Each structure stands twice: as structure tokens, then as C-alpha cells.
Amino acid sequence: MTEPTSPSQPAHDADWWQTAVIYQIYPRAFADANGDGMGDLLGVVSRVDYLAALGVDAVWLSPFYPSALADGGYDVDDYRDVDPRIGTLADFDAMITALHGVDIKVLVDIVPNHSSNRHAWFVEALASPPGSPARQRYIFRDGEGPDGSQPPNDWQSLFGGSVWEPVGDGQWYFHLFAPEQPDLNWDDEEVREDFRTTLRFWADRGVDGFRVDVAHGLVKDLTTPYVPWPEIEMMQRDDGSHPLWDRDDLQLVYQDWRTVFDSYDPPRFAVAEASVHPSRRARYAATTSLGQAFNFAMQEAAWRPDSYRAVIEAGIADMVESGSTTTWLLGCHDTVRVASRYGLPVPADETPIEIARRWLLTDGTDPRCDSDLGLRRARAAILVLLALPGSVYVYQGDELGLAEVADLPRDALLDPMAFRSHGREKGRDGCRVPLPWTATGTSYGFGGEPTELPQPAWFADVAADVQASAADSTLSLYRRAIAARRDLLRGLATSEPALTLAEPAPDDLRFRRGGSWHCVTNFGVDPIPLPDGTVVVSSVALVDGLLPRDATAWVVSDEPAAS
């Protein structure tokens, strides 16, 4: 199957993001330069050589703003400053300079749906009377009952419990996530103008792009009578009718942001975290909107050729509809690590993520995780993603093949999901444990102090310094594959098809980029033959020239395939 032609490599520097490999840094768990046990911006500076050697085109920084860390930094006290525990604006500037010095672009996380409850605006709102301009920046409503002591409706927060929190004067404020994260009112022009200022603030400091948190939120319909909770519990709709998510008029916000982005040379870009119906994802990726949207489907994909094929076909369709490139990712700061997900048995009617979240509740004991199999499949999977047209997002530590730290003790957990879900979730801390840089040391080279989320002893075996010198390590595989990808993309002409998928097969997945770059993945048991040509990279060693089970190889054929 041949898909329509699409951009295969940037025509100029302004389009760098269309085919970029972007590395997600969770700053407080990446590297600790001052030795206090928390990652910091100068820790990022200290690892610039590592990032350059990995070969990534850009880094995306999860929030580094002042925060009480009620939700891992996504509760923002000040959108235009750095948390003093992890640095200063001068440190941020030094980080930008260091990364740009090795030709690595920088994206920062923008959190527009909600601030923290410590934000100056919200402090002012609580000190102001009902109906005041200060409260208009957030979503306040009168409570039910004669004294307003009952919440306005029965809606539930995504982190558990009511979506409403009382303030003691008969009014309640709205929070889709934790109570420490009050939702902003995007019907208020002051809110909209303040975020224009924030975008310009970071773009003026050299930021190349933005990752937009909860991009499908922001604009809401809270007119009365309220829709009963059971009718809105299903988040994704294909018609923009949900009162809280993905409303049609939300795109007016992003069209306004596009004006800000395009005022820079080169234009800035943004990628939407938009958990929306697949038919509506292209709206966020349009050239008149943010420019790109996360396609989370590969995180949900089971290790089967039909599952992978369906995700790839949908991603290519997104490219055609939006006029932009799509994104591919296996993991992020919200998801059980791919090396663990792929080591768990997954029934046909469930996804690896669903199984993994239940597995976490047993501290990783039930069902049994085959860690070797999981890593083998994770290595094969990243080669599939890196061969696809579009951008690839890599979560920190996945290049080391890290498994989930599933047995974190309950008293060490930080994620509010663990506390507010009443035992239904263990939370996301297991993929946020600080990285192991060295095989020895108090915190495996992360910093000078033991880390707040405890690191497991097995980190010594997978530390970056161990893997850097091992040709067959996962880190070395990533380095080879990213370098080979860059070379192969350089050889593609923009007139060539974005992707040519081979006919479906029960045990393998094959596709071609351009005329000669083949990607072959063996999902079956028996080894399979590869196309004639040169094997550029393989996730495991070949056996008698054949590709073993749970493996991917790239082959460049000697003769271009006929169109």
C-alpha cells in the first residue's frame, strides 16, 4: 500500500521539527548538579555531551517552574520563572546556550489548563469576594443548598474525588485534576493575554517550541443545568460536544497562538497533548493551529503486526489530513515504561497499558513480567518508530532500556493519583525515578544525595556509563539508529512516498521509505528472511542472515524498488 507523498525531510531550518527526534527530560529526575537529590537545570547542562552523542535534534523539558510539586511540577506557581530548587533564569539561559551550541533545539512545557493554588492570581481570588475580577480568572460557582455547602454538581476529578473544592463562602472552585490545580477560565481575556505574554517570554529567551499540556482542555461549557456525570464520563467525542474537552471554539485560542509563533523567525512550533477522538486530532496539528499533535496510539498498541499496522495507517492519515507530520512515541512521564509493558502477557481484548497499571498495584508481581522479552521487544519497537515518517519522542531512560520501578514502597510515592484514586491506581512514579548515570555512587551518578524516589539496585547494571562502552547495549543501539536515520532521511527526496506498507502478513510487518530503505519486524516465532541489501541496523544479531523473533532490522537494498 502506497500512501500520499508527504515531507520526508526539512526543506529548511524552520521545519526541523517535522522529522526530529525529541528527547523528553523530566528535569527533577534527569541529573542533579548541586548534589541535593533533586535534578536541576545545570544538571541538564552537565549532560549536554551525552545528549549530543545520543544524536537527538531537540529536548522537551517537563515543567521546571516554581511549584509545590502537588503534581510533579504541573501545578505551576509562576509561568515565567524557574523553581529556585532547580535553578534560576540565568541557569535556564546557560542551558539554552549549551544545547544550542551542539545544535539541539529546546521545547518547554506550557500548562494552560490550570495554575497552582499558590499562583498569585489564585491567592488573590481567594482573598476577593464572589463575582470579583480576580475570581473571574478561574472557575468559581455557587454551591448547592441554602448555605452553599454542597458541590455545584456531581462531576469527578481525573485524579479522584469531586471536581469542586469549597472556599468557605458558599462558592466552590473547579479543578479537573488535583485541588492544588485550579482550572483557569479561558473565557477571560486577561487569561488569554497573559499566556500570549508567557509564550513570548520564553520564545524571546531562545525557546524553539512548546509542548502544550492538556491541550484539549481550556475552553469549557459550564452553563446550567449541568449535564449529569455519567453522560460526560466518556471523554472522547467526534463532534466537539463534550462540555469539558475538545470543544470546537478551543481552536480559536490556538489560532491566536499561531499568530504569536509566526511573529518569530524562524516561527516557533508547538505539539499538543490532546487526548481526543482520532478524527479530531488533525485539528491541533494544522498549520493554522499548534502544528503538531501527539499520537498516543503506539503506546496503546499490542505487540502484534495488525496492531502496529493499524496505528501506522492512522498516523499517516493524520499527516494527510493535517498537512503536517505526525508523532510517534512509546513512553512518557505518564506511562509505565515500555520495556515492562512489553514483558507482560496481554489478552487480545486489553491493551498493554491497562495490564501494566493493574500489574503496578501488585508491586510488579502479578502477572509475571518477562523483563528480557520486554527489553527485546522495546528495542525492536524503537527501530519501527525511527523508520516512520514524522517526529519521534523518546522519554528519558528509554534509551537505556529502563524497566518500570514497580516495587516503590507506598510511603515513597509522590503522585497524587496514588493518593486520590482510593487504591485504583499506584500512580506514575515508577517511570520517574532519577536516572542512573554510573554503576556506582550514592545515587548512581544522579547527584550527591539519595533520591526522593528510591533507585533500585539493578540500576547499577544498566547505568549509562556501563552501556556507553558496550556495543550491544540499548544505548548503543539508540545511538546507531538515530545516526543512521539522519543519514537515510538525507537521502530521501520530498517527491517520494512517505511510506509504502507491504501486504499484511500474520507474523511480520514490512514497510519501505523511498525506494530502498526497508524496515522489517518479526513478531512471530521463527526467523524470517530480509530483503537483499545491506543491513544498516538491527535490534539483535541476525542468525544465519535471518531476522530472529521479536526483532527489527533496517535494510538498504542495492537496487531501488519499483514504484
Side-chain angles (χ1 to χ4, degrees), residues 159-160 296-311 329-385 395 397-398 400-415 417-433 436 453-462 474 506-509 521-526 539-540 548-552:
F159 285 172
F296 295 108
M298 197 62 85
Q299 289 190 141
E300 300 278 355
W303 184 250
R304 299 192 309 269
D306 59 330
S307 184
Y308 263 57
R309 186 184 186 92
V311 171
L329 65 159
L330 292 169
C332 67
H333 64 291
D334 287 332
T335 310
V336 174
R337 286 201 180 268
V338 62
S340 293
R341 298 200 311 269
Y342 280 167
L344 294 169
V346 179
D349 59 345
E350 294 192 83
T351 69
I353 286 182
E354 290 172 330
I355 298 296
R357 287 164 66 177
R358 290 205 301 272
W359 170 77
L360 277 183
L361 290 173
T362 71
D363 293 341
T365 61
D366 186 27
R368 188 185 74 82
C369 180
D370 186 334
S371 56
D372 291 339
L373 177 63
L375 177 58
R376 184 183 180 97
R377 289 175 171 176
R379 288 166 58 102
I382 191 58
L383 291 192
V384 176
L385 268 62
Y395 179 52
D398 279 356
L400 301 176
L402 295 187
E404 185 83 357
V405 183
D407 57 354
L408 289 170
R410 294 302 194 273
D411 59 3
L413 299 179
L414 305 174
D415 188 352
M417 287 184 68
F419 312 130
R420 294 179 57 83
S421 66
H422 304 291
R424 295 190 303 273
E425 301 280 355
K426 189 175 180 182
R428 300 159 293 178
D429 291 313
C431 68
R432 301 177 179 183
V433 176
L453 288 172
Q455 298 164 301
W458 53 262
F459 265 18
D461 298 326
V462 294
T474 301
D507 292 326
D508 64 66
L509 175 76
T521 303
N522 184 1
F523 291 85
V525 175
D526 298 324
S539 62
V540 299
R549 59 184 282 267
D550 299 311
T552 298

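If you're wondering where the values come from, they're calculated on a predicted model, not measured in any experiment. Excluded from the calculations below are hydrogen atoms, water molecules and symmetry mates; all remaining heavy atoms, backbone and side chain alike, are included.
- By the side-chain hydrogen bond (donor to acceptor under 3.5 Å, both in side chains) test, T521 is found to be paired with T552, residues two or more places apart in sequence or in another chain being considered.
- In this structure, the ring-ring contact (aromatic ring centres under 6.0 Å, His included) partners of F296, at least two apart in sequence or on a different chain, are F294.
- Q299 is listed as a side-chain neighbour of C332, based on a closest heavy-atom distance under 4.5 Å.
- Residues P548 and N522 approach most closely at O-ND2, 3.1 Å, considering heavy atoms.
- Among all heavy-atom pairs drawn from L413 and A418, the shortest one is CD1-CB, 3.9 Å.
- Shortest non-hydrogen contact noted between A551 and S539 is CA-OG, 3.3 Å.
- A heavy-atom distance below 4.5 Å is not found between the side chains of R549 and D526.
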- [ ] With side chain to side chain contact (heavy atoms under 4.5 Å, CB included) as the test, would you mind laying out the steps for H333 and R428 before giving the verdict?
- [x] CA-CA 7 Å; H333 64 291; R428 300 159 293 178; 5.5 Å; no
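- Residues passing the side-chain hydrogen bond (donor to acceptor under 3.5 Å, both in side chains) test with R337, sequence neighbours excluded: D398.
- Across every non-hydrogen atom of R377 and W303, the tightest pair is NE-CD1, 3.1 Å.
- Every residue two or more places apart in sequence or in another chain that forms a salt bridge (charged side-chain N to carboxylate O under 4.0 Å, His left out) with D363 is listed here: R410, K426.
- Applying the salt bridge (charged side-chain N to carboxylate O under 4.0 Å, His left out) test to R376 and every residue at least two apart in sequence or in another chain returns nothing.
- Minimum interatomic distance between V433 and P454 (heavy atoms only, all atoms of both residues): CG1-O, 3.7 Å.
- In this structure T474 satisfies the side-chain hydrogen bond (donor to acceptor under 3.5 Å, both in side chains) test together with R379, sequence neighbours excluded.
- Side-chain contact between L509 and F523 is present, with heavy atoms from C-beta onward closer than 4.5 Å.
- Interatomic distance, I353 CD1 to T335 OG1, rounded to the nearest 0.5 Å: 5.0 Å.
- Legend: residues meeting salt bridge (charged side-chain N to carboxylate O under 4.0 Å, His left out) with E350, ordered by chain and number and at least two apart, are R358.
- One finds the CZ atom of R309 at 10.0 Å from the CG atom of D508 (value rounded to the nearest 0.5 Å).
- At a threshold of 4.5 Å between non-hydrogen side-chain atoms, the residues C431 and V336 do not count as touching.
- Scanning for salt bridge (charged side-chain N to carboxylate O under 4.0 Å, His left out) contacts around D429 gives an empty result, with sequence neighbours left out.
- Counting only heavy atoms from C-beta outward, the side chains of P436 and L402 approach each other to under 4.5 Å.
- Looking at V346 and T351, their side chains never come closer than 4.5 Å, going by heavy atoms from C-beta outward.
- Counting only residues at least two apart or in different chains, side-chain hydrogen bond (donor to acceptor under 3.5 Å, both in side chains) contacts with residues 338-349 comprise Y308-Y342.
- The CG atom of L408 lies 11.0 Å from the CG atom of D415; values are rounded to the nearest 0.5 Å.
- Legend: residues meeting ring-ring contact (aromatic ring centres under 6.0 Å, His included) with F159, ordered by chain and number and at least two apart, are F177.
- With rounding to the nearest 0.5 angstrom, the CG atom of L344 is 5.5 Å from the CH2 atom of W359.
- The structure places CG of D370 at 10.5 Å from CG of L375, a figure rounded to the nearest 0.5 Å.
- R368 pairs by the side-chain hydrogen bond (donor to acceptor under 3.5 Å, both in side chains) definition with nothing, not counting sequence neighbours.
- At least one side-chain heavy atom of I382 sits under 4.5 Å from a side-chain heavy atom of L330.
- Residues satisfying the ring-ring contact (aromatic ring centres under 6.0 Å, His included) test with F459, not counting sequence neighbours, are none.
- The two residues A301 and P352 make their nearest non-hydrogen contact at O-CG, 3.4 Å.
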Task: Verdict with reasoning, L453 to V405, per side chain to side chain contact (heavy atoms under 4.5 Å, CB included) - done: CA-CA 10 Å; L453 288 172; V405 183; over 6 Å; no
